[in-house]
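Following: one structure in structure tokens, then a few remarks.
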Amino acid sequence: MLSLNTIFNRLKRNRPRSQGSTTTGHDEPVIIPRPQHTISRSQISPHALKVLYRLKDAGYEAYLVGGCVRDLLLGHEPKDFDVTTDASPEQVHQLFRRSRLIGRRFKLVHVRFGREVIEVATFRAPPSEQDQHLDDQGRIVRDNVFGTLEQDAWRRDFTINALYYNIRDFSIVDYTGGLADLKEGKVRLIGDVERRYREDPVRILRAIRFIGKLGLLLDEETERWIPELAHLLADIPSARLFDETLKLYLSGNAAVTHELLGHYGVFDHLFPQTADLLHTEQDGFPRTLLIKALENTDKRIDEGKPVTPAFLFAALLWEPVRQKWQEYQDDKVPPIPALQRAAMEVISEQVKRVAVPKRFTMVTKDIWVLQPRLAQRFGKKAFRTLTHPKFRAGYDFLLLRAESGEPLTELADWWTTFQIETEDNQQQMVKALSASTTEKKRPRRRRRRKPASKSE
Ligand code: ATP
Ligand code: MG
């Protein structure tokens, strides 16, 4: 496993701009007036501004909150804009024609503007002040009592996520010391760390995501509890873990985030089958393949190209699949059925932990099953494989395997040429293979004629 130093050396350092604030340690918030901070309205989505102004004009309090305020202060472009208010969800719903009330545990309002959705939440009180709706592990089971702005700040996860941008005077409101932490580049859980992780163990994944994505460090106490409490992730519903896993691996910093997950002993709880094998095989090609795949993913995200979760899962689960595939082949199962069997087993085990939806696992399987298909090039087979709807992903995966040290360079190069050649040259390429010894044509079995039936 890489040392933390190596991991952090790889992180893009995004030191926050100076904010000139300190925490008071009292209940009074630190308020940074507009001239003393860097957030300008031109950086805020016009739709979010519309929502904020409409709420304000109707007499309600309205703030931007969470990731968008944090990201703007760090000089990043926010992924989305969340609004919080003292208006009830029903009151918000009444103000916006294109809005929907959503959520069961806690009602929110989604206001739609074309493709952009602004989420509006009513101030919420921390669970400790909601007559303790915790289960025996300390997890929150009910969480739906409205509160004040101050209460809303304290129930949030990290101090850097509890900063509010007030539309009334464009100031920033900080109850929990988030500005000072941003300045120091620290991710700090609000309140008693152990209790807050126990309340919602997904905060462990969020902590790791934020340091991977933002290049910040974990506060010592926030860091210390992670290895000890990571096992609590076992109790989180697999559908929620799927959402969080996607966020971790599609953050644009998947390679670093993955190393961090390993370092803190969290990867074991998300991908136990892969983790077991990576523990025994420290620097072999399985690790290389995964890191290369993640670096490619990061590069594509950076270039604004689409990435498919199916490919990501193909890489994340390849090693257990590859090993099972080999075992079945050793037991004389032919390559394609052997791979299909291995794929099915590994996926059905994985979805118990992280519920990857079928629409992705089907493509993941296609990518894997294309691997033995790509190795069979005689007759019409190569031509058929080329028309497979997932050929491109399968070929990219083959390249990845070759680059990571599996002995497949010749095969990968062959396909690189084959797919861009004219049909005549492609025919030649297939013919030329007959001379090679690596791929023997299987002798055709002569089919015996059915004996004519006597009644005919
Ligand atoms: P991102 O850039 O990924 O959107 P974010 O911090 O905005 O980061 P969201 O999941 O959009 O993350 O959540 C919005 C805000 O809601 C957070 O900033 C935080 O204040 C609060 N929040 C989210 N999840 C939790 C949680 N598990 N416990 C407490 N507060 C949370
Ligand atoms: Mg967000």
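Every number for a ligand or one of its atoms is a count from 1 in the order of the listing. As a basis for the values below, the full set of heavy atoms in this structure was taken, side chains included, without hydrogen atoms, waters or symmetry mates.
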Using a plain distance cutoff, I'd like to know if Gly66 has any nitrogen or oxygen under 3.5 Å from a nitrogen or oxygen of ligand 1. no

Any idea which protein heavy atom is nearest atom 30 (N) of ligand 1, and the distance to it? Asp157 N, 3.2 Å

Look at Lys299 together with Glu295 and state whether they make a salt bridge at an N to O cut-off of under 4.0 Å. no

Can you pull out every salt bridge (Lys or Arg N to Asp or Glu O under 4.0 Å) where at least one residue sits in residues 348-362? Sequence neighbours excluded, please. Glu349-Lys352

Residue-ligand contact Val202/ligand 1, heavy atom below 4.0 Å: no

Arg70 heavy atom under 4.0 Å from ligand 1: yes

Do Phe311 and Phe397 have ring centres separated by under 6.0 Å? yes

Mode of Phe158 contact toward ligand 1 - side chain, backbone, both, neither (heavy atoms, under 4.0 Å): neither

May I ask you to identify the nearest protein heavy atom to atom 1 (P) of ligand 1, giving residue, atom name and distance to one decimal place in Å? Lys79 NZ, 3.4 Å

With heavy atoms of Arg155 as the reference, note each atom of ligand 1 found under 4.0 Å away. 29 (C)

Summary of ring pair (Phe, Tyr, Trp, His ring centres under 6.0 Å) pairs that have at least one residue in residues 51-74, sequence neighbours excluded: Tyr63-Tyr164

Cation over ring face, Arg206 and Phe158, 6.0 Å, 45°: no

Tell me which N, O or S atom of Asp80 sits nearest to the Mg ion (ligand 2). OD1

Return yes or no for this condition: an N or O of Asp200 is under 3.5 Å from an N or O of ligand 1. yes

Ligand-residue contact atoms, ligand 1 with Lys213, heavy atoms, under 4.0 Å: 1 (P), 2 (O), 3 (O)

What is the closest protein heavy atom to atom 14 (C) of ligand 1, and at what distance does it sit? Asp82 OD2, 3.6 Å

CD of Glu303: more than 12 outside heavy atoms within 6.0 angstrom? yes

Geometric cation-pi criterion, Arg341 with Tyr328: 6.0 Å, 45°: yes

What atoms of ligand 1 come within less than 4.0 Å of a heavy atom belonging to Gly67? 5 (P), 6 (O), 7 (O), 18 (O)

Aromatic ring centroids of Tyr264 and Trp225 under 6.0 Å? no

Which of the ligand 1 atoms, numbered from 1, are nearer than 4.0 Å to a heavy atom of Arg209: 1 (P), 3 (O)

Please compare Arg206, Arg156, Arg240 and report which has the shortest non-hydrogen distance to atom 22 (N) of ligand 1. Arg206

Is there a donor-acceptor pair under 3.5 Å between the side chain of Glu228 and the backbone N or O of Arg224? no

